[in-house]
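Read through the structure below, which is laid out as structure tokens, and then see the notes.
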There are 2 protein chains.
Amino acid sequence: MASIKDVAAEAGVSVATVSRVLNDHPSVSEDARTRVLAAVETLGYRPNAVARSLRTDQTHTLGLVISDVMNPYFTELARSVEEEARALGYSVIIGNADERPDLQDHHVRTLLDRRIDGLLVSPTDGGSPLMLDAARAGTPMVFVDRWIPGVDVPVVRADGREAVRDLVAHLHGLGHRRLAIIAGPAATTTGSERVEAFRAAMSEYGLPLPDAYIGQGDFQAESGRLVTEGFLDLPEPPEVVFAADNLMALGALDAVRARGLRVPDDLALAAFDDIRWFVHTDPPITAIAQPTGELGRAAVRALVDRIEGRPPQSVTLAARLVVRRSCGENPARNRSQS
Amino acid sequence: MASIKDVAAEAGVSVATVSRVLNDHPSVSEDARTRVLAAVETLGYRPNAVARSLRTDQTHTLGLVISDVMNPYFTELARSVEEEARALGYSVIIGNADERPDLQDHHVRTLLDRRIDGLLVSPTDGGSPLMLDAARAGTPMVFVDRWIPGVDVPVVRADGREAVRDLVAHLHGLGHRRLAIIAGPAATTTGSERVEAFRAAMSEYGLPLPDAYIGQGDFQAESGRLVTEGFLDLPEPPEVVFAADNLMALGALDAVRARGLRVPDDLALAAFDDIRWFVHTDPPITAIAQPTGELGRAAVRALVDRIEGRPPQSVTLAARLVVRRSCGENPARNRSQS
DNA sequence: GCAGTCGATGTAATCGATTCCATGAACGAT
DNA sequence: ATCGTTCATGGAATCGATTACATCGACTGC
């Protein structure tokens, strides 16, 4: 590949002048500029980003470490992150942790080695020393969706408390009393918060939440299936299962189907995180929708603020309940929602 | 951040020795090695990948430019690519083209600027000059899923011809005669091949495929909806719609639902690309499944072969039909499939 | 008419690694 | 004892950019 030296030679100027033209520095004669631009054109020259980064100590790259790309929620998050980053002049490198702390660590390490300008993380666990050290050492960082308490890093997330209360109200209104939850890993904030919100809403309605109705999942479909199996094997199975993410809801659906049972007649189902397919499942699934795109964009803005020396801000947006038919019919309500 | 100089100073050796220890060069005394390792430990030193890349002209990074991350097929592809790459010691940077040639170009350019070691592309169009030039200039490249004819680049893809024939046989067997297709963009190989395979299979069964039954989509859900609307408005609407990808099938479902019609009674539906949710849609959707994970892995192996100087190989794997209920009941057959 | 300023340009240092080459010590062979 | 290897090590060049500093000519102002 042609380097800046080749361009300088071709244009009959020094490399400094070429660099100045490329970074449109004011002090360049019109003549030199056109000659350099012509040389760039004929040689098909493109600046070497690696060399530039070494010199300037900036990569114009953001790292995004997410828990699971195969989860449509995170896919959408990743997409909005990349869009906003691109709009602000940054690239994004995605690291998929697959809900595994060791993989998360691997990606954080690799990204740090590449000297990314900042890191967006949705932590899979309580946080490895590596990540915490990086945060303390001043690596610009922002948590998105999930976060780690006690670390001085801005957080961009959705608050589902309100929506979970709406959900419980909805279920209660339909006559359901035995509600169970498939929780996410307790090490994640979203894992524990959703259970807490659910528990709080339950007690508000005077409903008990026995331990047997709290299943431990790991945000993956298979765990949703297993936990649901367990619920169905109980002497007194729940009437409703609330899955703390969409993949576990999928697993729950698998379990119900495998037994030849039906939703919502035999078991009602609701999920945290709304995805397009929920409209077309049998039956359409009631879910709590997060403003995913807005979260991704806000997270990027916060991170770039931090990188460029402006004070970054934590952001919390509200999630909302989308009622469909997976918890039972309520003829009066389903029309307006989709 | 600590640099190699700091480590050298701390260990009381030269930077050359530090570098040798880090790259385990044989000629290093045991004494020096331990001192360097200790210094690395106390300083928390991590080599700067940017500097290393500049010197060695290798980034150990692969670029992956795909048409649409939000399409579960590509998400899975991306995931398997990253897995295999990681196993072979490479990182992956994903560029999402969103089916837009300009975005595809943007990502190819950015990746080339970063001097990635090789490029995996699922082209959105016939190929921009930029991409073709890069291929000609010797950038290691492999096409995956889609490809560009006439370019000397290995291709890793699935062949759906056989499966499409099976699908048409299945539909014919169920008594359907008026079959329509929602095609992908003609500029993509998958867009045109799937139509061709469909056309060939149709004529094999003596079925006509009028132009009105060939809808032009763009692999996005919205186009599937629009095309399906069009089909339904026809004086003689088709009995079956075959969507060339899963997102357009989703759009088709939206259209059918909006009219209060039912699948498969009012309109049967089949899709290219199988995804987990198809099991749980109403009704479960008959689809053609690609060996996605294997495609991703094979593509990475081919690319890395090329990068490391071994001759790369094109790979074609077979897709297969998965029968469910969206094309009508055939009581004898549905049991074994899922 | 001359000092001072400004604009355009080039030279060279620098970023953090890798690696060629030179050097010197140790050691075995003759 | 001397010569030739081999091993461990350090000095310095290098990758491709950016940028501080120096230089030089032209122009302005008094």
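Values reported hereafter were calculated over all heavy atoms of this structure, with side chains retained and with hydrogens, waters and symmetry mates removed. A note on names: the letters A, B, ... follow the listed sequences, proteins ahead of strands, and every chain is numbered from 1.
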Does B:Thr190 reach the main-chain N or O of B:Thr188 with its side chain, forming a donor-acceptor pair under 3.5 Å?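 Checking the backbone N and O of B:Thr188 against the side chain of B:Thr190, no donor-acceptor pair under 3.5 Å is found.
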| query | Just by distance, do the side chain of A:His25 and the backbone of A:Val21 share a donor-acceptor pair under 3.5 Å? | reply |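 Side chain of A:His25 to backbone of A:Val21: no pair is present.
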For B:Arg301, the option from B:Glu308, B:Glu83, B:Glu84 that meets salt bridge (Lys or Arg N to Asp or Glu O under 4.0 Å):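 Checked B:Glu308, B:Glu83, B:Glu84 against B:Arg301; only one passes salt bridge (Lys or Arg N to Asp or Glu O under 4.0 Å): B:Glu84.
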query: Do any pairs count as a salt bridge (charged side-chain N to carboxylate O under 4.0 Å, His left out) and have a residue in residues 45-67 of chain B, sequence neighbours left out, and if so which ones?
result: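 Applying salt bridge (charged side-chain N to carboxylate O under 4.0 Å, His left out) to every pair that reaches into residues 45-67 of chain B, excluding sequence neighbours, yields A:Asp113-B:Arg46.
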- Could you name each residue pair satisfying salt bridge (charged side-chain N to carboxylate O under 4.0 Å, His left out) that touches residues 68-77 of chain B, not counting sequence neighbours?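 Residue pairs passing salt bridge (charged side-chain N to carboxylate O under 4.0 Å, His left out), neighbours aside: none found.
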Under 4.0 Å, heavy atoms only, any strand: does [X] hit a base, just the sugar-phosphate, or nothing?
| X | answer |
| --- | --- |
| A:Ala49 | nothing |
| A:Val50 | nothing |
| B:Asn23 | sugar-phosphate |
| B:Ser29 | sugar-phosphate |

Write down the distance between [atom1] ([X]) and [atom2] ([N]), rounded to a whole number of angstrom.
| X | N | atom1 | atom2 | answer |
| --- | --- | --- | --- | --- |
| A:Asp57 | C:dT14 | CG | C1' | 12 Å |
| B:Arg33 | D:dT9 | CZ | C1' | 14 Å |
| B:Arg20 | C:dT19 | CZ | P | 11 Å |
| A:Glu30 | C:dT9 | CD | P | 10 Å |
| A:Arg114 | C:dA17 | CZ | P | 15 Å |
| B:Tyr45 | C:dG16 | OH | C1' | 7 Å |
| B:Asp31 | D:dC7 | CG | P | 18 Å |
| B:Leu22 | C:dT19 | CG | C1' | 14 Å |

Under the 3.5 Å rule, do the base of C:dG16 and the side chain of A:Arg115 count as making a donor-acceptor pair?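 There is none.
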Is it the case that C:dT14 (base atoms only) and A:Arg55 (side chain only) share a donor and an acceptor within less than 3.5 Å, ignoring hydrogens and angles?
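Yes, a donor-acceptor pair under 3.5 Å.
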Nearest of [options] to any side-chain atom of [X]?
| X | options | answer |
| --- | --- | --- |
| B:Ser3 | D:dT19, D:dT9, C:dA17 | C:dA17 |
| B:Asn48 | D:dA17, C:dA17, C:dT9 | C:dA17 |
| B:Leu54 | C:dT18, D:dC15, D:dG10 | D:dC15 |
| A:Val15 | C:dC21, C:dT9, C:dA12 | C:dA12 |
| A:Ala51 | D:dC21, D:dT18, D:dA17 | D:dA17 |
| A:Lys5 | C:dT18, D:dT18, D:dC15 | D:dC15 |
| B:Arg52 | C:dT18, C:dG16, D:dG10 | C:dT18 |
| B:Thr17 | C:dG16, D:dG10, C:dA8 | D:dG10 |

Check your understanding: Considering residues at least two apart in sequence or located in another chain, which fulfil the side chain to side chain donor-acceptor pair (under 3.5 Å) criterion with A:Asn48?
Key ->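 With sequence neighbours excluded, A:Asn48 shows a side chain to side chain donor-acceptor pair (under 3.5 Å) to no residue whatsoever.
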| said: My understanding is that only residues two or more places apart in sequence, or in another chain, count here; which of them pass side chain to side chain donor-acceptor pair (under 3.5 Å) with B:Arg297? | reply: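 In terms of side chain to side chain donor-acceptor pair (under 3.5 Å), with neighbours along the sequence ignored, B:Arg297 is linked to B:Glu294.
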Practice item. Among B:Thr59, B:Thr61, B:Thr139, find the residue that satisfies the side chain to side chain donor-acceptor pair (under 3.5 Å) test when tested with B:Asp117. Key: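 Passing option: B:Thr59.
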- prompt: Quick one: side-chain contact (heavy atoms from CB on, under 4.5 Å) partners of B:Val15, sequence neighbours excluded?
  reply: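 Expected list: B:Ile4, B:Lys5, B:Ala8.
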### Query
Quick one: is D:dC7 close enough that its OP1 or OP2 comes under 4.0 Å of any side-chain N or O from B:Ser27?
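No, because none of the side-chain N or O atoms of B:Ser27 sits under 4.0 Å from OP1 or OP2 of D:dC7.
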Next on the checklist: Let me spell it out: for each of B:Thr56 and B:Ala16, pick the nucleotide of DNA chain D with the closest heavy atom. Which residue's pick is nearer the 5' end?
Outcome noted: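 Taking each residue's closest nucleotide, the earlier one in sequence belongs to B:Ala16.
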Map B:Val28 and A:Met1 onto DNA chain D by nearest heavy atom, then report which one ends up closer to the 5' terminus.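 It is B:Val28, whose closest nucleotide lies nearer the 5' terminus.
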- prompt: Between the two end axes of the helix from C:dG1-D:dC30 to C:dT30-D:dA1, each built from 5 base pairs, what angle do you get to the nearest 10°?
  reply: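 Angle reported: 50°, given to the nearest ten degrees.
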